[in-house]
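Sequence lines set the chain letters: A, B, ... in the order given, protein chains first and strands last, and positions in each chain run from 1.
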2 protein chains.
Amino acid sequence: MKTIGKLAQSLNLNVETIRFYEREGLITQPTKPISGYRQYDETIAGQLRFITKAKMLGFTLKEIKSLMSMDNDCAKVELLSRQKLAIIREKISDLQRLEKVIVDMTNTCIQNDDPTYCPIIDALK
Amino acid sequence: MKTIGKLAQSLNLNVETIRFYEREGLITQPTKPISGYRQYDETIAGQLRFITKAKMLGFTLKEIKSLMSMDNDCAKVELLSRQKLAIIREKISDLQRLEKVIVDMTNTCIQNDDPTYCPIIDALK
DNA sequence: ATTGACTCTGTACTTATGTACGGAGTTTAG
DNA sequence: CTAAACTCCGTACATAAGTACAGAGTCAAT
């Protein structure tokens, strides 16, 4: 059993972040003995690692809470993952379109000798 | 000359948004006659269109303010665009990596017959 | 037993980009 | 002339995901 500071250190999280996750109902309540200091066991450490990994995959805290409550209902989990996948793919193609527009714009700059005129600014007008 | 409501309507913007941009110093101050009602000319409409387009390219309001103050210094504008481009490209490859991880995870779900176990949840633990 | 480090709760602040609202003044249509 | 519609300003609220702080209590080491 660890106090919040030790737990935070071992997981490389901020103490406030752990308390925030508790307030948000993402982790189960740790036992609190007489003193009032939270005591964390390995279960909660595991939940926090789960949250961290899911966050890296682009899930929001809200979705992660949902994922955790689905427990092991694979069909539901798969659906949520596929939805996330669709969003990620959409973001990728949005960004690729942007990329092309900006590349085109900056290329027109290169051939420009007039210091008082910018084709990018012009394109945006 | 238009009042704020007409301008907002013609640009498909919210009245509050225009005032917000004014507070943030993104557009020049409109003239205000005796009554106190702002009167907008075509110059400001143009600035607002510029902001809208630049926003679509992924520039933040802060960057847009910066872009506008560079006026036509093409070298500076090009630099900012290239920086934005680098960020967009980084985001794309981040997302592509995520995409792969999620695809792999969801694929393992398909071959799973056990309703009490989910490989995705397992992968996140 | 004291000091420093740690933790508690509750609240406020952060960033970015707006939106909404209250109460007052103005303009316009009928 | 009156009522509806519009505008003003200043402030608060919204989202997401935390971070910071104040004031009080507790624990561990010397």
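Of all nucleotides in DNA chain D having an atom under 4.0 Å from a heavy atom of chain A, the first and last in 5' to 3' order are dA17(D) to dC27(D). Bounding nucleotides for the chain B contact on DNA chain C, 5' to 3', at a heavy-atom distance below 4.0 Å, are dT17(C) to dT27(C).
Sorted by first and then second residue, the pairs that involve residues 105-118 of chain A and meet side-chain hydrogen bond (donor to acceptor under 3.5 Å, both in side chains), not counting sequence neighbours, are Asp114(A)-Thr116(A), Tyr117(A)-Asp122(A).
Around the CD atom of Gln9(A), the shell of radius 6.0 Å holds no more than 12 heavy atoms that belong to other residues, nucleotides or ligands. Dense packing is recorded around CD of Gln83(B), with more than 12 heavy atoms of other residues, nucleotides or ligands lying under 6.0 Å away.
Taking 4.0 Å as the cut-off between side-chain N and carboxylate O, Glu99(B) and Arg89(A) count as a salt-bridged pair. Ion pairing between a basic and an acidic side chain is recognised when a charged N comes within 4.0 Å of a carboxylate O; Lys62(A) and Glu24(A) show no such pairing.
Residues Ile87(A) and Val103(B) fall into different hydrophobic clusters, defined by Ile, Leu, Val, Met, Phe, Trp and Tyr side chains chained together at heavy-atom separations under 4.5 Å. Hydrophobic clustering (side-chain heavy atoms under 4.5 Å, transitive across Ile, Leu, Val, Met, Phe, Trp, Tyr) groups Ile120(A) together with Leu26(B).
Between Tyr37(A) and Lys6(B), it is Lys6(B) whose nearest contact on DNA chain D lies nearer the 5' terminus. Take the nearest nucleotide of DNA chain C for Tyr40(A) and for Ser35(B): the residue whose nucleotide is more 5' is Tyr40(A).
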Would you list the atom pairs, donor with acceptor, under 3.5 Å between side chains in residues 66-75 of chain B and any protein atom, with sequence neighbours excluded?
unit_1: Ser69(B); atom_1: OG; unit_2: Ser66(B); atom_2: O; d: 2.9
unit_1: Asn72(B); atom_1: OD1; unit_2: Cys118(A); atom_2: N; d: 3.2
unit_1: Asp73(B); atom_1: OD1; unit_2: Ala75(B); atom_2: N; d: 3.3
unit_1: Asp73(B); atom_1: OD1; unit_2: Lys76(B); atom_2: N; d: 3.4

Cut-off 3.5 Å, no hydrogens considered: what does the side-chain donor-acceptor table look like for residues 10-19 of chain B, sequence neighbours left out?
unit_1: Ser10(B); atom_1: OG; unit_2: Lys2(B); atom_2: NZ; d: 3.4
unit_1: Ser10(B); atom_1: OG; unit_2: Leu7(B); atom_2: O; d: 2.9
unit_1: Asn14(B); atom_1: OD1; unit_2: Glu16(B); atom_2: N; d: 2.9

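Contact of the Arg82(B) side chain with the Ile102(A) side chain is not registered, since no non-hydrogen atoms from C-beta on lie closer than 4.5 Å.
Against DNA chain C, the stretch residues 11-30 of chain B makes heavy-atom approaches under 4.0 Å through Asn14(B), Glu16(B), Thr17(B), Phe20(B), Tyr21(B), Arg23(B).
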